[in-house]
There are 2 protein chains.
Amino acid sequence: MPRLKNEEPNTHRTMHVVNHIRSLIENGTLQPGDKIPPEREFARTLKISRASLRTGIGYLAAMGVMKIRHGVGTFVADGPPEFGKASLSLMGALHGFQTWQMFEARIILESHLAALAAERGKEEHHAALAEEVAEMFATLDDPANYLIHDLMFHRIVSQASGNPILAALIETITSALYDKRRKTVERSTDRRESAEMHREIYRAIRARKPVEARKLMDQHLRMAQAAQGMERPSERKPSPAPRSKSARLASLVS
Amino acid sequence: MPRLKNEEPNTHRTMHVVNHIRSLIENGTLQPGDKIPPEREFARTLKISRASLRTGIGYLAAMGVMKIRHGVGTFVADGPPEFGKASLSLMGALHGFQTWQMFEARIILESHLAALAAERGKEEHHAALAEEVAEMFATLDDPANYLIHDLMFHRIVSQASGNPILAALIETITSALYDKRRKTVERSTDRRESAEMHREIYRAIRARKPVEARKLMDQHLRMAQAAQGMERPSERKPSPAPRSKSARLASLVS
DNA sequence: TGTATACTTGTGGTCTGACCTCTAAAAGTA
DNA sequence: TACTTTTAGAGGTCAGACCACAAGTATACA
């Protein structure tokens, strides 16, 4: 009878550090933005070498939980939740992720997010969304700033959805998509049309019409995708055939 | 005006290692399952210290790209794509993720995945799904093995969707959810009902009925959620008031 | 002959302590 | 006051020794 997969406590010291910091976060001792003690001092406290401590901190930093600033200190991440920054990018290199797949994932997630935002959004969110829409119309001729408010709008929708996990997933994908996006030279007419779509989405959310919000967001994102020629190709490269049963089982048991 | 992004070329050596390995993966020199050279030798090749090399490898391992085995070697990950295992768990501790939110994310993602699988699934996937369904019926009285085939069924649906990014997101969430799930003592009648739902999902996918597959998967997952009492509470508990920074720092020296 | 134990080898894990680089704030100077 | 220089403290890197683990190989014993 095969045992079910269970991860190996490979790195004792590393996990010790990770679990220690984890508990500090869980009991509220450490909060987003807080600075942890200097490495030399912290290592002495935990009775481990500085090297091991650094391994653990590096682990946390890789996953976006900690933020290291050379010459300043190490801090608990305080931005919007997001998985390891290079994560998606690296996984893409490893498993051959395509840009259209990122768009597809984003459309699916964010459409639902809009619906949830329409159901659960609070007054603060409505106000913030309205502000961003106004800013978008005010910066139609300023692409750089327009993009900022565009991103902000979507981020607020994520927050309004009341599900930080979905928000974090979106944030990760958007972040990976951002580089490609900034290269697209949007025309002014595109921005006006885009701004008006955002306004409609905002109205649907404020009016608590989940179905409509979802539909509008889906429409908006598909248009944005088309504007960058990132649609799914009609002929996909042949996806790898499913692995044999034995191979599938092998990865499921330890 | 808020700045957009603040890139962090913090760790020169670390990123050097990461980018090097990344390029090795991208040009096909390294493939999933491959072993990288021993640390001492690799460090000499890259003309950096072993410590720095280890920092970079640790970074990749934290994100699930590499797999380190003490006393054996370091390998490129070969399992299903998945973000750092502890990632979601740690982010949860940091941002207060709730179990019902994980379920919600899973339901949304996997329902769509079922629809995509119905659109794009190939013969191999249909065959593999049929096999898993059969195994589920054959192991109704063997909870441990039943669970294996349950997980396998969902994993094949992910593969059949043709979007490895969505599959990776699901895998990450499922992995985090797994611990809680295994504790639930399922009754035999529950398993029979569950197996029949899987069979219906399979039939919808094979018949290429996306809407039906999506609906059935949604229904199945909501039932599974209910079976574990993980529904979204009607009244969410208010987040605890943050302690003062001085108080937090005081208890940091354990 | 066969099996069990001990040894050897190779790999990652940890420690020590010194030195380098970066940042921000203090001190000095015009 | 405003600018420049110095300095203290933080993370980054290095080198080499030694520890711990896993696998294979050789040896000893029954």
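In what follows, every chain begins at residue 1, and chains take the letters A, B, ... in the order their sequences are listed.
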Exercise for review: Could you walk me through whether A:E82 and A:S175 pass side-chain hydrogen bond (donor to acceptor under 3.5 Å, both in side chains), step by step?
Suggested key: CA-CA 9 Å; A:E82 179 183 356; A:S175 174; 3.2 Å; yes
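When rounded to the nearest whole Å, the span between CD1 of A:I36 and C1' of D:dG9 equals 15 Å. Rounded to an integer number of Å, the gap from CG of B:L60 to P of C:dG12 is 14 Å. When rounded to the nearest whole Å, the span between CG of B:L46 and P of D:dT13 equals 13 Å. The interatomic distance linking A:Y59 (OH) with C:dG12 (C1') rounds to 17 Å, in whole Å. The separation between A:H16 atom NE2 and C:dT14 atom P is 11 Å, rounded to whole Å. With rounding to whole Å, A:R40 atom CZ is found 13 Å from C:dC20 atom P. Note: CD (A:E39) to P (D:dA8) measures 21 Å, nearest angstrom.
Exactly one of A:Y146, A:F137, A:F153 qualifies for a ring pair (Phe, Tyr, Trp, His ring centres under 6.0 Å) with A:H198. That residue is A:F153. Remark: of the listed residues B:L151, B:I156, B:V157, B:I156 is the sole one forming a side chain to side chain contact (heavy atoms under 4.5 Å, CB included) with B:E132.
Between A:N27 and A:T29, the side chains place a donor N or O and an acceptor N or O closer than 3.5 Å (distance only, hydrogens not considered).
The CD1 atom of B:I173 lies 9.5 Å from the CD atom of B:E110; values are rounded to the nearest 0.5 Å.
Taking the six-membered ring where the residue is Trp, A:H16 and A:H20 present tilted rings, their angle falling between 30° and 60°.
No donor-acceptor pair under 3.5 Å is formed between the side chain of A:T74 and the backbone N or O of A:I36.
In B:Q31, the CD atom is not crowded: 12 or fewer heavy atoms of neighbouring residues, nucleotides or ligands sit closer than 6.0 Å.
Of all heavy-atom pairs spanning A:T139 and A:H149, the tightest one is OG1-CD2, 4.2 Å.
Heavy atoms of A:T74 sit under 4.0 angstrom from primed sugar atoms or phosphate atoms, though from no base atom.
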Between the protein and nucleotides 15-17 of chain C, list the N/O to N/O atom pairs that are separated by less than 3.5 angstrom.
residue, atom, partner, partner atom, Å
C:dC15, OP1, A:R13, NE, 3.2
C:dC15, OP2, A:S49, N, 3.2
C:dC15, OP2, A:S49, OG, 2.7
C:dC15, OP2, A:S52, OG, 2.5

Study note, to complete from the structure: The contact string for nucleotides 21-27 of chain C, one letter per nucleotide 5' to 3', using protein heavy atoms under 4.0 Å with B, S and - for base, sugar-phosphate only and none, comes out as BBSS---
